[in-house]
Colleague: 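Take a look at the following structure, please.
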2 protein chains.
Amino acid sequence: MLLRIDPASAAPLFEQLAASVRTELVRGGIRVGDRLPSAKEVAAALDVNLHTVLRAYQSLRDEGVVDLRRGRGAVVTDRAAGYADLHREIPQLVEHAKALGIGPAALAAMIKEVY
Amino acid sequence: MLLRIDPASAAPLFEQLAASVRTELVRGGIRVGDRLPSAKEVAAALDVNLHTVLRAYQSLRDEGVVDLRRGRGAVVTDRAAGYADLHREIPQLVEHAKALGIGPAALAAMIKEVY
DNA sequence: ACCTATTTGTCCGTATGTATG
DNA sequence: CCATACATACGGACAAATAGG
């Protein structure tokens with residue numbers, strides 16, 4: 001599992017952190033039932049404030065992605081299973097696009113269009 | 001409009017504040033399109049921290065009750081119209097209950113039961 | 001067009017409380 | 001009982017958007 005933040009990004013740190021967790025869920029680096037590293041650890045590792053990490057975790061909790069409890073930490077709920085599905089679907093889609101000679105920008109544009 | 005907090009309550013201050021706003025919406029003290037007092041004002045009036053009020057406002061924003069923007073403040077959205085409906089329905093229900101000789105505790109118990 | 005005040009947004013720091021293991 | 005970890009609240013600082021003069 002690798003949580004990252006981009007100091008150059010304009011996005012708030014806590015959103016970057018939450019997005020990083022979601023990306024790991026899709027990538028398979030974090031799975032249902034896993035416990036996220038404690039906010040304290042993440043804060044120390046990324047050199048951000050503890051509250052910033054907690055806020056990210058709380059937003060994930062509000063989304064239903066993790067179960068957040070005192071003394072226990074943040075555990076990925078089964079409601080995050082959808083991310084694992086994307087974990088399978090996305091590479092498949094990319095392969096199909098490649099076979100058709102569709103580049104990443106064009107594919108992304110199509111996704112946005114449909115969305 | 002009268003926002004209140006109960007120091008004796010175990011509920012978090014920011015939730016009490018959000019609840020107080022919702023109550024005012026139901027009571028009719030705040031209506032759609034109204035602008036809530038600035039977080040700074042509320043903080044000073046209730047002697048709580050600015051961040052605590054902002055957190056309450058942000059939770060109301062997450063619920064879609066208010067539109068929160070820098071420099072402008074918190075404006076009640078039309079999605080809060082449901083509260084105004086309760087504003088009409090509740091007194092009506094209470095009147096009917098009174099006519100039937102049903103006390104407040106009994107009525108509340110019925111509400112919980114049905115809920 | 002400019003400046004200023006207002007107001008929320010984010011981040012950091014500190015402290016204390018509370019549930020978990 | 002104790003260490004861990006999140007929950008809340010306070011405080012300070014700066015940024016960014018908005019409104020008004």
Side-chain angles (χ1 to χ4, degrees), chain A residues 1 3-22 24 30 33-77 79-80, chain B residues 1 3-22 24 30 33-77 79-80:
Chain A
M1 180 189 338
L3 303 184
R4 280 181 297 173
I5 55 175
D6 175 15
S9 171
L13 290 178
F14 77 92
E15 281 200 11
Q16 288 188 45
L17 284 171
S20 186
V21 170
R22 287 186 217 102
E24 280 303 299
I30 306 176
D34 283 357
R35 180 177 162 281
L36 300 185
S38 79
K40 190 179 176 184
E41 283 178 287
V42 176
L46 301 182
D47 195 32
V48 298
N49 193 272
L50 171 67
H51 290 90
T52 304
V53 183
L54 284 177
R55 188 167 175 187
Y57 280 10
Q58 283 165 359
S59 78
L60 290 170
R61 177 199 57 193
D62 292 346
E63 295 170 17
V65 173
V66 301
D67 186 35
L68 210 53
R69 293 169 65 178
R70 290 170 175 156
R72 236 188 27 155
V75 178
V76 178
T77 71
R79 284 193 44 190
Chain B
M1 182 190 335
L3 302 184
R4 281 180 297 172
I5 55 174
D6 174 15
S9 170
L13 290 178
F14 77 91
E15 280 200 13
Q16 288 187 45
L17 283 171
S20 185
V21 170
R22 288 187 217 101
E24 280 302 299
I30 305 176
D34 283 357
R35 179 178 163 282
L36 300 185
S38 79
K40 189 178 175 184
E41 283 179 288
V42 176
L46 301 182
D47 194 32
V48 297
N49 192 273
L50 171 67
H51 293 103
T52 304
V53 182
L54 284 176
R55 188 168 175 186
Y57 280 10
Q58 284 165 358
S59 78
L60 290 170
R61 177 199 58 192
D62 293 345
E63 295 171 17
V65 172
V66 300
D67 186 35
L68 211 52
R69 292 168 66 178
R70 288 169 175 158
R72 237 186 25 149
V75 178
V76 178
T77 71
R79 286 194 41 190

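Sequence lines set the chain letters: A, B, ... in the order given, protein chains first and strands last, and positions in each chain run from 1.
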Colleague: From A/H51 NE2 over to A/L13 CG, what is the distance, rounded to the nearest 0.5 angstrom?
Modeller: 14.5 Å

Colleague: Any side-chain heavy atom of A/E24 within less than 4.5 Å of one from A/V21?
Modeller: no

Colleague: For B/Q58 and D/dA9, give me the distance from atom CD to atom P, rounded to whole Å.
Modeller: 14 Å

Colleague: Let me spell it out: for each of A/F14 and A/R72, pick the nucleotide of DNA chain C with the closest heavy atom. Which residue's pick is nearer the 5' end?
Modeller: A/F14

Colleague: Excluding sequence neighbours, so at least two apart, what forms salt bridge (charged side-chain N to carboxylate O under 4.0 Å, His left out) with B/R35?
Modeller: none

Colleague: Is the shortest side-chain N/O distance from A/R69 to OP1 or OP2 of C/dG21 below 4.0 Å?
Modeller: no

Colleague: Taking the side chain of A/L54 as its heavy atoms from C-beta onward, which of D/dC6, D/dA9, C/dT10 lies nearest to it?
Modeller: D/dC6

Colleague: Do the side-chain N or O atoms of A/T52 get closer than 4.0 angstrom to the phosphate oxygens (OP1, OP2) of C/dC12?
Modeller: yes

Colleague: Using 0.5 Å steps for rounding, measure from the CG atom of A/L46 to the OG atom of A/S20.
Modeller: 8.0 Å

Colleague: Classify A/L13 by what it touches in the nucleic acid, base, sugar-phosphate, or nothing, heavy-atom distance under 4.0 Å.
Modeller: sugar-phosphate

Colleague: Find the distance A/R70:CZ to C/dA19:P and express it as a whole number of Å.
Modeller: 6 Å

Colleague: Could you tell me how far apart A/L68 (CG) and D/dA5 (C1') are, to the nearest whole angstrom?
Modeller: 9 Å

Colleague: Can you establish whether the number of heavy atoms outside B/D47 located under 6.0 Å from its atom CG is more than 12?
Modeller: no

Colleague: Specify the separation, in whole Å, of atom CG of A/L50 and atom P of C/dC11.
Modeller: 14 Å

Colleague: Can you tell me how far P of C/dT6 sits from CG of B/L36, to the nearest Å?
Modeller: 19 Å

Colleague: Starting at atom CG of A/D67, determine the distance to atom P of C/dT20, rounded to an integer number of angstrom.
Modeller: 11 Å

Colleague: Rounded to the nearest angstrom, tell me the gap between atom CZ in B/R55 and atom C1' in D/dA7.
Modeller: 7 Å

Colleague: From the options C/dG9, D/dC6, C/dT10, select the nucleotide whose nearest atom is closest to the side chain of A/P12.
Modeller: C/dT10

Colleague: Looking at A/N49, does any N or O in its side chain come under 4.0 Å of the phosphate oxygens OP1/OP2 on C/dC11?
Modeller: no

Colleague: Could you tell me how far apart B/H51 (NE2) and C/dG9 (P) are, to the nearest whole angstrom?
Modeller: 11 Å

